[in-house]
S.K.: 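First the structure, which I've put down as structure tokens, then a few questions once you've had a look.
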Amino acid sequence: MIDVKNLVKEFQVENHTFRAVDDVSFHVDKGEIYGIIGLSGAGKSTVVRCINRLEEPTSGRITIDGVNITALNDKELLGERKDIGMIFQSFNLFHQKTVYENIAYPLEIMGVEKSEIKERVMELLKFIDLEEKINAYPSEMSGGQKQRVAIARAIATKPKILLSDEGTSALDPANTKQIIALLKKIVKEMGMTIIMITHQMEVAKDICDRIAVMEDGKIIEENTVENLFRAPKHKRTLSFIQTLQDEPNGDILNPEDFEGTLFRLTYKDESTKDWILNDCIKKYDVNVNVLAGKINTINESAVGYLIIEMRGEDTEILLAKKYLEEKDVNVEVM
Ligand code: ADP
């Protein structure tokens, strides 16, 4: 559905060229929710702004449903933009317009008949469950309600893709959950494809099918959300995962306080954990002490974390570590 190839975006800053997006390529399938996560300044927004050509790419190619977005002239681009909806952290609603007028706006621009606009807006209000706010102004609504209206406005023209630039970042956890549920409903019922930019790993884990991690303008790692959590390859990814609340990241544990070796295990299937550790103790001359553990539900599947202390001869510990890895457990020495 969305294909980004060798995307580069450079900005002229004073007398030098700054490369904000550096040779980024990725593909998003229809009906997929694709997350782009990274620290502030990593280049996430610029990638997304190139997709709807709010920024002109310096080089590279972007195709959406077979249409080469990068090659469109201004007139063609206007037509194509109705296929790309976007929501923002700050909602960007028109403050002087009511909820009805905000949602109707993109349809009016397209020249849709008044009666048809009314029908579509009513349908969308029902979809976002805000029928009672039809005549309210943005200032009379909560952040979560404003974002629901912004989503209705973004999907009013039935776009093929929806881009979310930190769409949940200004919301409290309860409203964030509501928005995540709404976005999932949009994918399920309308077959939409979504790209979500976020710096919140807890949001990405609850909604994305796949995640790309960006740093310094590059994608440094990309994987399904389950695999990314289970076996992060890059330090930055690991630090994002460790920002998740309550996760045993080991910060509270000082390896020097322990006689044995501390391992942080990540495993996919909760049911296998016990017997793998059990087998490990039986097979090798090691003792295991469980220090902390947690299960994280990631997009409806579970990933477990365990911090263990392992005692024994170095060679036995090495063999036990290898055994765990062979059983598809990600093992990190702390
Ligand atoms: P993110 O969304 O990951 O926070 P951005 O894509 O907004 O990152 O920005 C990436 C880098 O590009 C930042 O260093 C930012 O300052 C720079 N940048 C973004 N837009 C411009 C611009 N119009 N002019 C110059 N630099 C820019």
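First listed ligand is number 1; within each ligand, the first listed atom is number 1.
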S.K.: Against the six-membered ring of Phe26, is Arg210 placed for a cation-pi contact (under 6.0 Å from the centre, within 45° of the normal)?
M.R.: no
S.K.: Quick one: does Leu39 get within less than 4.0 Å of ligand 1, heavy atoms only?
M.R.: yes
S.K.: If I take atom CD from residue Glu222 and atom NE2 from residue His27, how far apart are they, to the nearest 0.5 angstrom?
M.R.: 10.5 Å
S.K.: Out of Thr224, Asp328, Asn223, which residue meets the side chain to side chain donor-acceptor pair (under 3.5 Å) rule with Arg230?
M.R.: Asp328
S.K.: Mark up the atoms of ligand 1 that fall under 4.0 Å of a heavy atom belonging to Ala42, in ascending order.
M.R.: 1 (P), 3 (O), 8 (O)
S.K.: Among protein heavy atoms, which sits nearest to atom 17 (C) of ligand 1, and what does the distance come to when rounded to 0.1 Å?
M.R.: Phe18 CE2, 3.7 Å
S.K.: Numbering the atoms of ligand 1 from 1, which are under 4.0 Å from a heavy atom of Ser45?
M.R.: 1 (P), 2 (O), 6 (O), 7 (O)
S.K.: For atom 9 (O) of ligand 1, what is the closest protein heavy atom, and at what distance to 0.1 Å?
M.R.: Thr46 OG1, 3.7 Å
S.K.: Looking only at protein heavy atoms, identify the closest one to atom 19 (C) of ligand 1 and say how far it is in Å.
M.R.: Phe11 CE1, 3.5 Å
S.K.: Among all protein heavy atoms, pick out the one at the shortest distance from atom 8 (O) of ligand 1; state its residue, atom name and that distance to 0.1 Å.
M.R.: Gly43 N, 3.1 Å
S.K.: Against ligand 1, does Gly41 come closer than 4.0 Å with any heavy atom?
M.R.: yes
S.K.: Honestly curious: do Met201 and Met214 fall in one hydrophobic cluster under the side-chain, below-4.5 Å linking rule?
M.R.: no
S.K.: Look only at the side chain of Asp209 and the backbone of Ile33, and say whether a donor-acceptor pair between them is shorter than 3.5 Å.
M.R.: yes
S.K.: Heavy-atom contacts with Ala20 under 4.0 Å: which atoms of ligand 1 show up? List them by number with element.
M.R.: 11 (C), 12 (O)
S.K.: Evaluate the criterion salt bridge (charged side-chain N to carboxylate O under 4.0 Å, His left out) for residue pair Glu123 and Arg120; output intermediate values, then yes/no.
M.R.: CA-CA 5 Å; Glu123 183 185 300; Arg120 178 78 180 133; 2.6 Å; yes
S.K.: Report yes if the side chains of Arg153 and Val149 come closer than 4.5 Å at any heavy-atom pair, otherwise no.
M.R.: no
